[in-house]
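For reference, the structure is listed below as structure tokens.
The chains referred to below are lettered A, B, ... by the order of the sequence lines, with proteins before strands, and numbering in each begins at 1. All figures in this text were calculated on a predicted structure; none of them were measured in a lab.
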Number of protein chains: 2
Amino acid sequence: MGLEHALLVSLSERSGSGYELARRFDKSIGFFWNATHQQIYRVLKRMDEAGWIAGEAVTQDGRPDKKVYSVSRAGRSELARWIAEPSEPGALRSELAVKVRGAAHGDHAALRAEVTRHRDRHHKRLEVYRLIEKKDFPDPAALSGTGLHQYLVLRGGIRVETGFVEWCDEILAALPPGREAAAAHSRRDQSPEKGTR
Amino acid sequence: MGLEHALLVSLSERSGSGYELARRFDKSIGFFWNATHQQIYRVLKRMDEAGWIAGEAVTQDGRPDKKVYSVSRAGRSELARWIAEPSEPGALRSELAVKVRGAAHGDHAALRAEVTRHRDRHHKRLEVYRLIEKKDFPDPAALSGTGLHQYLVLRGGIRVETGFVEWCDEILAALPPGREAAAAHSRRDQSPEKGTR
DNA sequence: GGTTTCATGTAACTAGTTACATGATTTA
DNA sequence: TAAATCATGTAACTAGTTACATGAAACC
């Protein structure tokens, strides 16, 4: 279904508090499933009520108390059930694609700047991923178990980001640079107006 | 922000009813932004109230009446504003990635089947896209304007689907086929139980 | 005579985001 | 002394999904 199972995967590896889970999500699983701490707390509560996880209060000195959750037997079987269950490939959403599709109705130079921005963002992420690949997985052929699974997800991230960067480059190469907002402005005069007022 | 602007792009090309927009979304923009008719009707209503579009009732015989929406001046400037405005690259979500990350806690054979299913789905979509590419855009170098923009979005779809198929192949090549559910079952005995009951 | 197409909607729900709040401790 | 880190939450909101409802016409 969503966050629940991502949390189950993370907690199966090692138990942790909501805060820790939020931090872990910055890496690894977070490439493909991110969440804010607010949502994580809410979902953890629900999972606790459903009996998938059990929270144990841990008192700390020097820092605030926390609630450490572990996966219960019911949680483990739920995770196994969900992994085996066929799921739909979720619809992908790209605002940038919508913007490109609507390029004729906006400022060309601004759109090129947007595409460049996205290209850079994705390129940066890609570099981070490649660094992780080099550092943490120098010998992929030797991997097995969770290490291998982590690596495969990372490979997915690298493929996605590479694809995105190349797509942005293709757009920039194809979209004419000069002539700003030509379409949008020239069309404004002869348009039959309706409503609005 | 989302659907609003996708609808503005679609309505800018040509006016249409909610029903028609839902059908159009099956193609083109729908590669990267899909929506159900219920949501489309709701958003159209809101856009009408905001003055971005104007609806005109059209009586038909032989089939139900419909409301045809056109983009107003305010709608056009909103679209132009949004295209120029920098936006965040939206978080991508892949249930399959979460499943792969949790492979140690589920049935290996079932997961392989899932990955294969996704691979096939994406491969099918890819074939559809390639067909469109061949049929509708035989000479990409000659394109300009909306035709070019449509083509670029299609190229994005092709890249994404190609990347996904290749990723699935990489997973299938790396994930050992035999030994079903080894991890999940062997772990079930020595686990310290908490909660649940 | 049954399904698909055209056409629009309501109601209830699930998921996710944004803003705000608190308060001690450690680091710059 | 200001900011970041640790830690948990509430409240209000936006976006999106699922289920249900209606009804005529065209297609098989």
Nucleotide [N], atom [atom2] - distance to [atom1] of [X] in whole Å:
X: B:E20; N: C:dT5; atom1: CD; atom2: P; answer: 15 Å
X: A:E88; N: D:dT18; atom1: CD; atom2: P; answer: 10 Å
X: A:N34; N: C:dT18; atom1: CG; atom2: C1'; answer: 15 Å
X: A:R46; N: C:dT14; atom1: CZ; atom2: C1'; answer: 8 Å
X: A:H37; N: C:dC20; atom1: NE2; atom2: C1'; answer: 10 Å
X: A:W33; N: C:dA15; atom1: CH2; atom2: C1'; answer: 10 Å
X: A:Y19; N: C:dA24; atom1: OH; atom2: P; answer: 17 Å
X: B:R23; N: C:dT8; atom1: CZ; atom2: C1'; answer: 15 Å

Nearest-nucleotide wise, let me know which of B:A91 and B:V68 is further upstream toward the 5' end of DNA chain C.
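Upstream on the strand: B:V68.
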For A:K45 and B:Q39, find the nucleotide of DNA chain D closest to each by heavy atoms; which residue's nucleotide sits nearer the 5' end?
A:K45
I'd like to know whether the aromatic ring centres of B:Y41 and B:Y19 sit less than 6.0 Å apart in this structure.
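So the answer is no for these two rings.
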From C-beta outward on [X], which listed nucleotide comes closest to its side chain: [options]?
X: B:P64; options: D:dC6, D:dG23, C:dT8; result: D:dG23
X: B:Q38; options: D:dT18, C:dT8, C:dT18; result: D:dT18
X: A:S17; options: C:dT8, D:dT8, D:dG16; result: D:dT8
X: B:R93; options: C:dG16, D:dC6, D:dG16; result: C:dG16
X: A:Y41; options: C:dT8, D:dG9, D:dA15; result: D:dG9
X: A:Q60; options: C:dT8, D:dG9, D:dA7; result: D:dA7

Is there a salt bridge (Lys or Arg N to Asp or Glu O under 4.0 Å) between A:E133 and A:R155? Walk through the geometry before answering.
CA-CA 8 Å; A:E133 193 185 22; A:R155 288 292 307 160; 3.0 Å; yes
Look at the aromatic rings of B:W167 and A:F32 and report parallel, tilted or perpendicular, splitting at 30° and 60°.
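Parallel: the ring planes of B:W167 and A:F32 meet at under 30°.
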Scan side-chain atoms only and decide if A:H5 and A:E78 contain a donor-acceptor pair under the 3.5 Å cut-off.
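Note: A:H5 and A:E78 side chains meet the donor-acceptor criterion.
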Scan side-chain atoms only and decide if B:E114 and A:S87 contain a donor-acceptor pair under the 3.5 Å cut-off.
yes
State whether the distance check finds a donor on one side and an acceptor on the other, under 3.5 Å, for side chain A:R42 versus base C:dT17.
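Pair found.
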